[in-house]
Engineer: 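Okay, here's the structure, questions in a sec.
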Amino acid sequence: MLTTVLAFAHSLFVFNMIWDREPEKLLVTWFKAADLDLSFALELSTVSIGATVLITGLSLLAQVYALGYMEKDWSLARFFALLGFFEAALSALAISDSLFFSYGLLEVLTLSTYLLVGFWYAQPLVVTAARDAFLTKRVGDLLLLMAVVTLSTLAGSLNFSDLYEWAQTANLSPMTSTLLGFALIAGPAGKCAQFPLHLWLDEAMEGPNPASVMRNSLVVAGGAYLLYKFQPLLALSPVALNALVVMGTVTAIGATLVSIAQIDIKRSLSHSTSAYMGLVFLAVGLQQGGVALMLLLTHAIAKALLFMSSGSVILTTQSQDLTEMGGLWSRMPATTTAFVVGSAGMVTLLPLGSFWAMLAWADGFVNISPWVIGVLLLVNGLTALNLTRVFRLVFWGKPQQKTRRTPEVGWQMALPMVILTVFTLLVPLMLQQWYLLPNWESINWYVALALFTSTVVGVSIGSTVHLHKAWSRSRILAWRFVQDLLGYDFYIDRVYRLTVVGAVALLSKISAWSDRYLVDGLVNLVGFATILGGQTLKYSISGQSQGYMLTILAVVSVLGLFISWSSGLLDKLPF
């Protein structure tokens, strides 16, 4: 934790130093021999250092929060070591200006995610979740590695500044540029839990909640930040940009719909994370990188606050089931306030941060692509509905058995929530200080009213819809079908089990059969033939030299006859 404090203070100092200065590049040579030059560049700019401030600040708050959340847990030193490992990779990724270095850091993030999700490795569900998270990310990382190798061959350098210069004059075939774009998208898609690599984030909620705070606010943002840096390379392929738009739209709408059917508080919030990263993918696909960065900032702070609040509820109630909660607002005022402010920071509620991020986006596309406004309104309205639903089930209503004597959390957990609550409220002032807020004269008030109305409609529906805790499934057949469809994530895991997993299992069985009966069978056949031949010959051996000579002569004669016969056949052929 001390090193995190030093890192946060140092990043703040550097951020103030470079605020009005041009970005600087630092080239670090890792290995150089003959024509092989493995070097990576570091970028010191307002955006990169600002990202390190956010990473180290949220990491420090998460570690203080973990002092209370993990107080009675064993192996606390290992947990904090893994959090530090996590933070180091994210901080290096923020300032990296090298695709080679960034790929290595993504591998570190994959490993740290596996270790943190599987921290409680004595539980079977935890082991399964860690394995699925690791393997799912490996799919995207493998495709990204192919892109790294391809770019090193085509461009001759893996530093982003050199790649940007190469992309301005690159002349690639449509097939090459499309495949390269898809490979570049695959890595961030796995990190950001985008369709079809989205199932791991839901399962990763089995890990400790302080790690979930980091994962849902910073890790997914790290993958999206790398995608933001890929923009000039993705611009080489219109097909890849369209794929980003489709992937982001499907994930944003689908994950938001799934979140409103969850009864696990952490899973409900995790699907919301996938949805907002889908909006970031959509923004990058529409080449709106500045909007994507603003949305990442506002989402990271608000989502960290929401997960801290949900972790406090889980710790005090010893439950993650929404149907077992209720009436906590009077018993946990700090946690309730944190959840309300975090929810307000997530949706377009004037004047908080997400409102300005989505307004800047919607205002630019209101006449060019009106369907984007529809996606934003739908996702924002459903998010407001889901967060209101969770608030009613957890904090409102009558207390239940597990919430009747629930106390407020200790200061180690309350202090980070209070600090993040204040920062969430101060985000608009920070955006104004950085000149990211629009002028009042230039605001399209019709778009602003539409965004605000979608939040009001979502909150109204979420606060009036009937929530019956006695039965978890609707008695109406049509609603039950919709509830199951959303609750089981459109049955995508079952589709994967029947298709991808089934195909891999079939290939594994074929490989095992061929290895056992063909490869091993051939080896065993040679061995049995040798044994049988040796057993047969030992009864025909007399130990006399003339016998050996006769055998050699007979074999040579047979070989000679065979060669002569073969030569005669060749002479008779017409060619």
Side-chain angles (χ1 to χ4, degrees), residues 41 43 47 93 96-103 105-106 136-198 220-254 274 277-293 295-296 361 364-365 368-369 371-372 375:
E43 179 187 16
V47 174
L93 184 64
S96 172
D97 193 49
S98 167
L99 180 56
F100 169 72
F101 190 39
S102 298
Y103 178 79
L105 294 171
L106 286 181
T136 303
K137 287 187 175 185
R138 295 305 301 147
V139 175
D141 292 345
L142 179 61
L143 294 175
L144 181 59
L145 177 60
M146 296 180 182
V148 172
V149 175
T150 302
L151 286 173
S152 66
T153 304
L154 296 176
S157 175
L158 290 177
N159 294 334
F160 282 116
S161 55
D162 297 332
L163 290 175
Y164 296 160
E165 294 181 3
W166 168 81
Q168 294 177 358
T169 58
N171 186 17
L172 303 178
S173 65
M175 178 65 70
T176 303
S177 61
T178 300
L179 293 178
L180 179 61
F182 286 166
L184 290 174
I185 292 172
K191 291 293 181 294
C192 298
Q194 297 296 289
F195 178 83
L197 303 175
H198 65 291
V220 293
Y225 178 74
L226 189 59
L227 183 71
Y228 161 78
K229 303 192 76 170
F230 286 163
Q231 282 186 108
L233 303 176
L234 296 174
L236 296 173
S237 173
V239 178
L241 293 177
N242 292 332
L244 272 178
V245 172
V246 173
M247 180 184 295
T249 304
V250 170
T251 306
I253 297 177
S274 295
M277 291 304 103
L279 293 180
V280 172
F281 270 58
L282 177 58
V284 175
L286 296 173
Q287 297 183 332
Q288 296 290 314
V291 174
L293 288 181
L295 191 58
L296 285 176
W361 189 4
F365 282 89
I368 302 175
S369 301
W371 65 270
V372 176
V375 173

Engineer: Mind checking whether Phe230 and Leu99 have side chains closer than 4.5 Å, heavy atoms only?
Structural biologist: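 The answer is yes; the side chains approach within 4.5 Å.
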
Engineer: Is the shortest side-chain heavy-atom distance between Gln231 and Val284 below 4.5 Å?
Structural biologist: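 The answer is yes, as the side chains (C-beta and beyond) meet within the 4.5 Å cut-off.
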
Engineer: Please list every donor-acceptor pair under 3.5 Å in which a side-chain atom of residues 222-229 meets a protein atom from a residue at least two apart or in another chain.
Structural biologist:
residue	atom	partner	partner atom	Å
Tyr225	OH	Ala94	O	3.2
Lys229	NZ	Ser96	O	2.5

Engineer: Dump the intermediate steps for side-chain contact (heavy atoms from CB on, under 4.5 Å) on Phe281 and Thr249, then the final yes or no.
Structural biologist: CA-CA 8 Å; Phe281 270 58; Thr249 304; over 6 Å; no

Engineer: Closest heavy-atom contact between Asn159 and Ala41?
Structural biologist: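 That closest heavy-atom pairing would be OD1-N, 3.5 Å.
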
Engineer: Compute whether any side-chain donor of one residue and acceptor of the other, for Ser173 and Thr176, lie under 3.5 angstrom apart.
Structural biologist: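 Short answer, yes.
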
Engineer: Can you find a pair of side-chain heavy atoms, one from Leu172 and one from Leu154, that are under 4.5 Å apart?
Structural biologist: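 Counting from C-beta outward, Leu172 and Leu154 do come under 4.5 Å.
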
Engineer: Quick check: do Phe160 and Ser102 have side-chain heavy atoms less than 4.5 Å from each other?
Structural biologist: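 In short, these two side chains touch, coming nearer than 4.5 Å.
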
Engineer: Rounded at 0.5 Å granularity, tell me how far CZ in Arg138 sits from CG in Leu145.
Structural biologist: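 So the CZ of Arg138 and the CG of Leu145 are separated by 8.5 Å.
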
Engineer: Which value, rounded to the nearest 0.5 Å, describes the distance between Met247 atom CE and Leu197 atom CG?
Structural biologist: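 Spacing of CE (Met247) from CG (Leu197) equals 7.0 Å.
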
Engineer: Of all the heavy-atom pairs spanning His198 and Ala193, show the shortest one and how long it is.
Structural biologist: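 Residues His198 and Ala193, closest heavy atoms: CB-O, 3.1 Å.
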
Engineer: Test Asp97 against Ser161 for side-chain contact (heavy atoms from CB on, under 4.5 Å), laying out the working first.
Structural biologist: CA-CA 7 Å; Asp97 193 49; Ser161 55; 3.9 Å; yes

Engineer: Who passes salt bridge (Lys or Arg N to Asp or Glu O under 4.0 Å) against Asp162, sequence neighbours left out?
Structural biologist: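 Asp162 satisfies salt bridge (Lys or Arg N to Asp or Glu O under 4.0 Å) with no residue once adjacent residues are dropped.
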
Engineer: How long is the straight-line distance from CG of Leu233 back to CG of Leu151, given to the nearest 0.5 Å?
Structural biologist: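 So the gap between those two atoms works out to 6.0 Å.
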
Engineer: Applying side-chain contact (heavy atoms from CB on, under 4.5 Å), run through Leu244 and Leu282 and close with a yes or a no.
Structural biologist: CA-CA 6 Å; Leu244 272 178; Leu282 177 58; over 6 Å; no

Engineer: Got Leu106 and Leu93 here, is their nearest side-chain heavy-atom distance under 4.5 Å?
Structural biologist: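 Of all side-chain heavy-atom pairs linking Leu93 with Leu106, at least one is under 4.5 Å.
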
Engineer: Please report the shortest heavy-atom distance between Ser152 and Val149, naming the atom on each side.
Structural biologist: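 It is OG-O, 2.6 Å.
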
Engineer: Can you name the nearest heavy-atom pair linking Ala147 to Leu184, along with the distance?
Structural biologist: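 Looking at all heavy atoms of both residues, the shortest contact is CB-CD2, 3.7 Å.
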
Engineer: Identify the two heavy atoms, one from Ala235 and one from Gln287, that lie closest to each other, and give their separation to 0.1 Å.
Structural biologist: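 Scanning both residues completely, I find the closest heavy atoms to be CB-NE2, 3.8 Å.
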
Engineer: Rounded to the nearest 0.5 Å, what separates atom OG in Ser274 from atom CZ in Phe195?
Structural biologist: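 Ser274 OG to Phe195 CZ: 12.5 Å, rounded to 0.5 Å.
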
Engineer: Do Thr251 side-chain atoms and Gln194 backbone N/O form a donor-acceptor pair below 3.5 Å?
Structural biologist: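 Checked: no pair found.
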
Engineer: To the nearest 0.5 Å, what is the distance between CD (Glu43) and OG (Ser98)?
Structural biologist: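 Those atoms lie 12.0 Å apart.
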
Engineer: Check whether any side-chain heavy atom of Thr150 lies under 4.5 Å from a side-chain heavy atom of Leu179, and answer yes or no.
Structural biologist: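 The answer is no; the side chains never approach within 4.5 Å.
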
Engineer: For residues Gly181 and Ala240, report the shortest heavy-atom separation together with the two atoms involved.
Structural biologist: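 For Gly181 versus Ala240, the nearest heavy atoms are CA-CB, 3.8 Å.
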
Engineer: Decide yes or no on side-chain contact (heavy atoms from CB on, under 4.5 Å) for Ile185 and Leu144, but give the supporting numbers first.
Structural biologist: CA-CA 8 Å; Ile185 292 172; Leu144 181 59; over 6 Å; no

Engineer: If I take atom CZ from residue Phe182 and atom CG from residue Leu234, how far apart are they, to the nearest 0.5 angstrom?
Structural biologist: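 So the gap between those two atoms works out to 10.5 Å.
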
Engineer: Would you mind reporting whether Leu158 and Phe101 have side-chain heavy atoms less than 4.5 Å apart?
Structural biologist: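 They are not in contact (no side-chain heavy atoms under 4.5 Å apart), so the answer is no.
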
Engineer: Do Leu296 and Val220 have side-chain heavy atoms sitting under 4.5 Å apart?
Structural biologist: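 No, their side chains stay 4.5 Å or more apart.
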
